[in-house]
Amino acid sequence: MTSEHDTGEQVDQVQSDAPGGTDAPAGTDAAAGTDAAAETDAPAGTDAAGETPELSVATPLDVPGQPRLDLDRALEAILFVADEPLGVVSLAAAVARPVAEVKAAIARLVADYDGTGTSGEPRTDEAGEEPSARPVRRGFELREVGGGWRFYVRGDYDALVAGFVLTQTSTRLSQAALETLAVIAYKQPISRSQVASIRAVNVDSVVRTLLGRGLVTEIDTDAETGAIRYGTTDLLLTNLGLNSLDELPHISPLLEDGQEGFDLDRA
């Protein structure tokens, strides 16, 4: 028969045999203490098994005051409105992401627009099946030019787009453009500074507009100043229904002060 004294000695013996020879901290049990140690010793960014969690391909992007955004789509939106090529560093700063992540996202976008995966194979849907027998190849591409990235029309469609742009260009010119065009038509070849002197305003942007419309062109360079001199094109004659500049109307009768600034009449 076991006495109370013997029972107490057995309890003391069991406690002394516990690992470390110490009792568990107050308010905790042995299991809790073990779990806490495991959590403390686990490296940052790993799960309980010691493995690094896999990052998704489309990393969310945090923007203050906005919903979480997808990195690929965020870069796509920025590049869509860019009027000049953007470098990787500039893009990384815009989306607040490391350069390496931005480079990887750009590679995904290029592959997406080309209709291929990152490995060069036709892209597949989430189920791993090709969405169609023919990969989707966009009519535009993301191209690296001058150390930056920008959207461009794919080369296969250059002629088509050029024709569309020309037909969609408005034929109506502003009053300033009409006045500048008239000065060039009657005084050609003439430099921008000479046109500006006649009109008493800066005409740089207007001349660029006329060049873009194909109504004027660079003729030669002034021997004394080196300034580019401009003249009209055949497109202007076509739009006016004329065969040559000689058919332009005499302008002196239309001026209140005679021929000042226009010392010629076309016979």
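- Here D114 does not pair with R138 in a salt bridge; the nearest charged N to carboxylate O distance is not below 4.0 Å.
- The structure places CG of D72 at 10.0 Å from CD1 of I106, a figure rounded to the nearest 0.5 Å.
- In terms of hydrophobic clustering, with Ile, Leu, Val, Met, Phe, Trp and Tyr side chains grouped at heavy-atom distances under 4.5 Å, Y152 and L91 are assigned to different clusters.
- In terms of hydrophobic clustering, with Ile, Leu, Val, Met, Phe, Trp and Tyr side chains grouped at heavy-atom distances under 4.5 Å, L173 and L240 are assigned to a common cluster.
- Atoms CG and CZ, on L210 and R208 in that order, are 11.0 Å from each other to the nearest 0.5 Å.
- A donor-acceptor pair is defined here as one N or O able to donate and one able to accept, closer than 3.5 Å; no such pair exists between the side chain of S90 and the backbone of L86.
- At a threshold of 4.0 Å, the pair D112-R137 does not count as salt-bridged, since none of the basic side-chain nitrogens sits closer than that to a carboxylate oxygen.
- Of all the heavy atoms in R199 and V203, the pair that sits closest is NH1-CG1, 3.6 Å.
- The distance from the CZ atom of R108 to the CG atom of L142 is 12.5 Å, given to the nearest 0.5 Å.
- V145 is not connected to V88 by any chain of hydrophobic side-chain contacts under 4.5 Å among Ile, Leu, Val, Met, Phe, Trp and Tyr, and they are in different clusters.
- At a threshold of 4.0 Å, the pair R150-E84 does not count as salt-bridged, since none of the basic side-chain nitrogens sits closer than that to a carboxylate oxygen.
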Query - Trace of the side-chain contact (heavy atoms from CB on, under 4.5 Å) decision for I198 with V195 - result: CA-CA 5 Å; I198 294 174; V195 176; 5.8 Å; no

Could you go through residues 229-236 and list every donor-acceptor pair under 3.5 Å that involves a side-chain atom there, pairing it with any protein atom two or more places apart or in another chain?
| from | atom 1 | to | atom 2 | distance (Å) |
| --- | --- | --- | --- | --- |
| R229 | NE | D220 | OD1 | 2.8 |
| R229 | NH2 | D220 | OD1 | 3.4 |
| R229 | NH2 | D220 | OD2 | 3.0 |
| T232 | OG1 | Q188 | OE1 | 3.4 |
| T232 | OG1 | Q188 | NE2 | 2.9 |
| T233 | OG1 | G214 | O | 2.6 |
| T233 | OG1 | L215 | O | 3.3 |
| T233 | OG1 | L235 | N | 3.3 |

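- To the nearest 0.5 Å, atom CD1 of residue I228 and atom OG of residue S193 are 11.0 Å apart.
- L248 and A185 get closest at one heavy-atom pair: CD1-O, 4.0 Å.
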Query - side-chain contact (heavy atoms from CB on, under 4.5 Å) evaluation trace for R73 with L109 - result: CA-CA 9 Å; R73 303 288 77 81; L109 291 175; 3.2 Å; yes

Requested in this report: With side-chain contact (heavy atoms from CB on, under 4.5 Å) as the test, would you mind laying out the steps for L237 and N243 before giving the verdict?
Outcome: CA-CA 6 Å; L237 297 177; N243 292 318; over 6 Å; no

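- Atom CD in Q194 sits 11.0 Å away from atom CD1 in I184 (nearest 0.5 Å).
- Of all non-hydrogen atoms in L211 and V216, the two that sit nearest each other are CD2-O, 3.4 Å.
- When all heavy atoms of V206 and A176 are compared, the closest pair comes out as CG1-O, 3.9 Å.
- Remark: F140 engages Y113, F151 in a ring pair (Phe, Tyr, Trp, His ring centres under 6.0 Å) (not counting sequence neighbours).
- Rounded to the nearest 0.5 angstrom, S205 OG and R192 CZ are separated by 10.0 Å.
- Cluster annotation: V110 and V95 are assigned to the same hydrophobic cluster (Ile/Leu/Val/Met/Phe/Trp/Tyr, side-chain heavy-atom contacts under 4.5 Å, transitive).
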